[in-house]
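Okay, structure first, notes after.
Predicted model, so just to flag it, every value in this text is computed and none were measured. We're numbering straight along the sequence, starting at 1. Ligands are counted one by one from 1 in listed order, and the atoms in each one are counted from 1 as well.
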Amino acid sequence: MPVASDVEEPTTDAEAAGEGLPINEVFYSLQGEGTLAGVPSVFVRTSGCNLRCWFCDSYHTSWEPTGAWRDVDSIIEEVQSHEQANHVVLTGGEPLIHEESVELLERLDAEGYHTTVETNGTIYRDAPIDLASISPKLASSTPTPDRDPKGEGEWEEKHEQNRIDMDALSQMVDDYETQLKFVVTDESDLPEITDLVGRVRAATATTVADDDVLLMPEGMTREQLDGTRSEVAQLAMEYGYRYTPRLHVDLWNDAPGT
Ligand SMILES: C[S@@+](CC[C@H](N)C(=O)[O-])C[C@H]1O[C@@H](n2cnc3c(N)ncnc32)[C@H](O)[C@@H]1O
Ligand SMILES: Nc1nc2[nH]cc(C(=O)O)c2c(=O)[nH]1
Ligand code: SF4
Ligand SMILES: [Mg+2]
């Protein structure tokens with residue numbers, strides 16, 4: 001069923017009562033991105049996002065949000081059915097637009113899971129997050145009319161206004177173990193990354209090391225990554241930042257549930 005990405009009329013009693021979460025998918029895979037790449041993990045993907053990156057590889061949580069409203073008990077039950085996993089990755093869409101994500105993280109923490117939250121860094125929540133995997137969105141993510149996957153640039157202004165919230169971003173960096181994972185389209189993204197990392201360092205009491213800054217090639221298929229990964233690897237070496245692969249794309253391309 002469709003899921004509201006902005007504030008709209010609730011469609012179920014649970015939703016109206018503010019209970020549960022709109023879930024697009026739950027699946028077991030290897031963490032494909034970042035410092036925990038390769039770790040067996042259960043992924044919980046919420047639906048709905050406050051941004052609209054033109055390249056979003058989870059189109060059905062952002063541009064066309066779909067999913068089923070589920071209560072936290074049933075999500076925990078499905079997570080626990082993957083008995084080998086000690087790690088849970090909460091992603092989306094943007095999982096932190098949902099207040100109920102805090103309850104889910106508290107329950108996962110109480111069950112002893114390591115929690116990673118994949119977030120665009122624009123919304124702060126106080127929750128048991130073991131790794132805040134923040135992917136701040138650069139100017140090159142903005143859906144201008146020429147690269148809008150759905151319309152004719154209707155989201156350009158809103159995306160541009162909301163893609164960076166320095167207060168939310170710096171509070172997250174101060175409160176959680178963090179990686180800053182930038183999607184890189186080409187070398188023209190690097191001055192903005194360097195500037196943003198400098199602003200985060202100035203705004204926080206935390207040391208943000210160069211190897212907490214990750215460059216991830218843009219591409220949702222192997223073929224697309226073939227056009228970006230070498231250049232992004234070179235840029236990581238040049239700037240002293242960390243490169244992260246997209247292991248799941250290398251292994252399984254864009255297959256669903258991976
Ligand atoms: C779908 S997002 C969901 C979490 C959150 N909304 C965010 O953007 O961080 C999950 C991760 O995929 C990255 N991503 C999305 N589309 C991508 C693409 N085409 N190429 C590379 N990374 C992409 C995001 O930057 C983020 O790190
Ligand atoms: N295997 C795998 N690893 C991932 N790491 C972050 C993902 C995401 O979509 O947030 C993701 C994903 O979709 N699949
Ligand atoms: S912020 Fe994340 S989920 Fe939202 S559109 Fe961008 S990549 Fe997709
Ligand atoms: Mg993904």
**Request:** Hey, can you tell me if Y28 and H82 have their rings parallel, tilted or perpendicular (30° and 60° cut-offs)?
**Result:** parallel
**Request:** Let me see the working for V184 and I193 under side chain to side chain contact (heavy atoms under 4.5 Å, CB included), right down to the final yes or no.
**Result:** CA-CA 9 Å; V184 179; I193 293 173; 3.9 Å; yes
**Asked** Thinking salt bridges, do R242 and D210 make one under a 4.0 Å N-O criterion?
**Response** no
**Request:** Indicate whether any N or O donor in one side chain lies under 3.5 Å from an N or O acceptor in the other, for T122 and D165.
**Result:** no
**Fill in**
Checking heavy atoms under 4.0 Å, the part of T91 that sits near ligand 1 is side chain
**Asked** Under a 4.0 Å heavy-atom limit, does R246 contact ligand 1 with its side chain, its backbone, both, or neither?
**Response** side chain
**Complete:** The closest protein heavy-atom partner of atom 5 (N) of ligand 2 is Q31 OE1, 2.5 Å
**Request:** Please say whether G92 places an N or O atom under 3.5 Å from an N or O atom belonging to ligand 1.
**Result:** no
**Prompt:** Considering distance alone, does some N or O of M216 sit under 3.5 Å from an N or O of ligand 1?
**Reply:** no
**Prompt:** Does E218, backbone or side chain, put an N or O under 3.5 Å from an N or O of ligand 1?
**Reply:** yes
**Request:** May I ask you to check if ligand 1 and C49 share an N or O to N or O distance below 3.5 Å?
**Result:** no
**Request:** Would you confirm whether R201, through its side chain, and V208, through its main-chain N or O, come within 3.5 Å as a donor-acceptor pair?
**Result:** yes
**Heavy-atom nearest neighbour in the protein, as seen from atom 9 (O) of ligand 2, with distance rounded to 0.1 Å** = R45 NH1, 3.0 Å
**Request:** Could you say whether the N/O atoms of D57 and ligand 1 ever approach to under 3.5 Å?
**Result:** yes
**Asked** Which protein heavy atom lies closest to atom 8 (C) of ligand 2, and at what distance to 0.1 Å?
**Response** T91 OG1, 3.6 Å
Going by atom type alone, with no hydrogens or angles, which donor-acceptor pairs under 3.5 Å involve a side-chain atom of residues 214-222 and a protein atom two or more places apart or on another chain?
unit_1, atom_1, unit_2, atom_2, d
T221, OG1, Q224, N, 3.1
R222, NE, V249, O, 3.4
R222, NE, D250, O, 3.0
R222, NH2, D250, O, 3.3
R222, NH2, L251, O, 2.9

**Request:** Can you sort out which atoms of ligand 2 are near G32, meaning under 4.0 Å from one of its heavy atoms?
**Result:** 1 (N), 2 (C), 3 (N), 4 (C)
**Request:** Examine the proximity of ligand 1 to T61 and report which part, side chain or backbone, both or neither, has a heavy atom under 4.0 Å away.
**Result:** neither
**Heteroatom proximity flag, S133 to ligand 1, N/O under 3.5 Å** = no
**Request:** Provide, to 0.1 Å, the distance between atom 14 (N) of ligand 2 and the closest protein heavy atom, together with that atom's residue and name.
**Result:** T258 O, 3.2 Å
**Complete:** Honestly, for S62 the part within reach of ligand 1 (heavy atoms, under 4.0 Å) is neither
**Request:** Can you sort out which atoms of ligand 2 are near E118, meaning under 4.0 Å from one of its heavy atoms?
**Result:** 6 (C), 10 (O)
**Item:** Non-neighbouring partners of D130 that pass side chain to side chain contact (heavy atoms under 4.5 Å, CB included), sequence neighbours left out
**Value:** H114, T115
**Asked** Passes side chain to side chain donor-acceptor pair (under 3.5 Å), T206 versus D174? Steps please.
**Response** CA-CA 6 Å; T206 309; D174 269 334; 2.6 Å; yes
**Prompt:** In ligand 2, which numbered atoms sit nearer than 4.0 Å to a non-hydrogen atom of F43?
**Reply:** 1 (N), 2 (C), 3 (N), 4 (C), 5 (N), 11 (C)
**Fill in**
Interatomic distance, OG@S133 vs CD@Q179, rounded to 0.5 Å, equals 4.0 Å
